[in-house]
Amino acid sequence: MTDFLDSNYVKKICAITWASYQHGWDERNGGNVSLRLTTDDLKEFSNIDKVKRVLDLGFDAKKLAGQYFLVTGTGRYFRNVIDQPQLDLGLVRISDDGQKGELMWGFEDGGQPTSEFPSHLMSHIARLQFDSQQRVVMHCHPTNVIALSFTQDLDERHWSRLLWKMQAESLVVFPEGIGMIPYMTPGTNEIGEATAKKMQDFRVVIWPHHGIFGVGSNLDEAFGLIETVEKAALIYSQIGAQGGQIKQSITDEQLRQLAQSFGVQANPEFLPTK
Ligand code: 2HA
Ligand code: ZN
């Protein structure tokens, strides 16, 4: 048996939180991440077989009963997770009735899951309807995405087309486009519900003037998705820095060719089929 602290799950979350911090997306306690794990994933690990504390979830998570989430703690700094994972991370089992979180490991100095845990769990539930491999929800504060939410209309079609045209990579990585909710108060069930609703159609949801939610089947995929969206937004910012005048861009026809070539289906509401 391996101590859970030495698992690749903990190592990988440490690596991703550190990378996200280094990108400048997680000032202070900004950002949070959750990784869904099953009993099967955990059978080879020790130190996770006793309930250490029972936590209130604040909503009905029955659809996730018996599943485990390795999650960052509220108020914790992404910068520090790599040095003290057993304090800043927790492994939480959703109770059989779906009302409570059972802390099995971590948060050793009394910590609690991120204030956005309801948003994470609701997003996991929404994505699991379409994708049984859904594992990761990641939230952070990428600078150029946030800046874009001040200068652009908060319109999904507009954002999707703008970001698709900033680099050839965008359409291939997020062919369904970009989801968007209105500005809402973070940490509430309401923002969680609005985000999860968007997650029925998108893997990326923008929180205007705040940040981004991205999902995936593993940590690299969710992180890479956010990275690609932020890179497109950065290119747009750099265009502004170079005077803002666009002389040429990727055309709709070139986007269609790109989708065909990479075998992806571009959202037809955002890119007409012709
Ligand atoms: O974890 O980013 O949205 C702190 C936040 C809240
Ligand atoms: Zn945030």
Side-chain angles (χ1 to χ4, degrees), residues 10 13-36 55-59 61 69-92 101 103 106-107 109-124 126-127 136-150 154 159 178-199 202-216 219 222-223 225-227 229-230 233:
V10 171
I13 281 215
C14 286
I16 288 286
T17 47
W18 179 244
S20 192
Y21 168 70
Q22 286 194 312
H23 275 61
W25 303 343
D26 302 283
E27 69 291 340
R28 202 172 182 276
N29 63 319
N32 30 77
V33 58
S34 63
L35 166 66
R36 183 176 65 87
L55 315 163
D56 234 341
L57 289 179
F59 83 105
F69 292 87
L70 183 58
V71 60
T72 48
T74 183
R76 302 308 167 103
Y77 292 22
F78 267 27
R79 177 164 57 83
N80 295 339
V81 177
I82 196 165
D83 292 326
Q84 47 179 46
Q86 66 278 40
L87 307 187
D88 293 344
L89 299 176
L91 180 68
V92 177
L103 180 65
F107 295 149
D109 58 353
Q112 299 265 347
T114 165
S115 58
E116 308 295 1
F117 202 33
S119 289
H120 281 243
L121 295 179
M122 290 177 202
S123 295
H124 279 286
R127 291 307 307 174
V136 174
V137 174
M138 182 162 184
H139 166 67
C140 58
H141 303 163
T143 314
N144 294 279
V145 165
I146 298 170
L148 214 60
S149 73
F150 292 90
L154 300 178
W159 275 60
I178 302 280
M180 169 95 51
I181 60 168
Y183 177 81
M184 295 173 78
T185 304
T188 60
N189 282 359
E190 287 72 27
I191 201 169
E193 284 157 14
T195 306
K197 193 152 175 274
K198 286 295 171 191
M199 287 290 181
F202 303 99
R203 288 167 301 139
V204 170
V205 177
I206 306 296
W207 286 11
H209 323 318
H210 180 149
I212 192 168
F213 261 73
V215 299
L219 286 157
F223 185 76
L225 179 59
I226 292 173
E227 239 180 344
V229 174
E230 169 62 5

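Whatever order the structure lists them in is the order used to number ligands and atoms, beginning at 1. Predicted model only: the values in this text are computed from it and were never measured.
- Judged by distance alone, the side chain of Gln86 and the main-chain N or O of Gly106 form no donor-acceptor pair under 3.5 Å.
- The Zn ion (ligand 2) has His139 NE2, His141 NE2, His210 NE2 as protein N, O or S atoms under 2.8 Å away.
- A distance of 11.5 Å separates CG of Asn32 from OG1 of Thr17, quoted to the nearest 0.5 Å.
- Under the 3.5 Å distance criterion, the side-chain polar atoms of Arg79 are left unmatched by any main-chain donor or acceptor of Gln22.
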Asn80 vs Gln84, side-chain hydrogen bond (donor to acceptor under 3.5 Å, both in side chains): CA-CA, chis, key distance, verdict: CA-CA 6 Å; Asn80 295 339; Gln84 47 179 46; 5.5 Å; no
Step-by-step side chain to side chain contact (heavy atoms under 4.5 Å, CB included) determination, Trp207 to Ile181: CA-CA 6 Å; Trp207 286 11; Ile181 60 168; 3.4 Å; yes
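- The residue from Trp18, Phe78, Phe223 that alone fulfils the side-chain contact (heavy atoms from CB on, under 4.5 Å) condition with His23 is Phe223.
- A distance limit of 4.0 angstrom between heavy atoms and ligand 1 selects the residues Asn29, Gly30, Gly31, Asn32, Glu116, His139, His141, His210.
- Residues His124 and Ser34 bring a donor and an acceptor atom of their side chains to less than 3.5 Å of each other.
- The aromatic rings of Phe150 and His209 lie tilted to each other, with the angle between the two planes from 30° to 60°.
- Tested against Val205 for a side-chain contact (heavy atoms from CB on, under 4.5 Å), the candidates Lys197, Lys198, His139 yield a single pass: Lys198.
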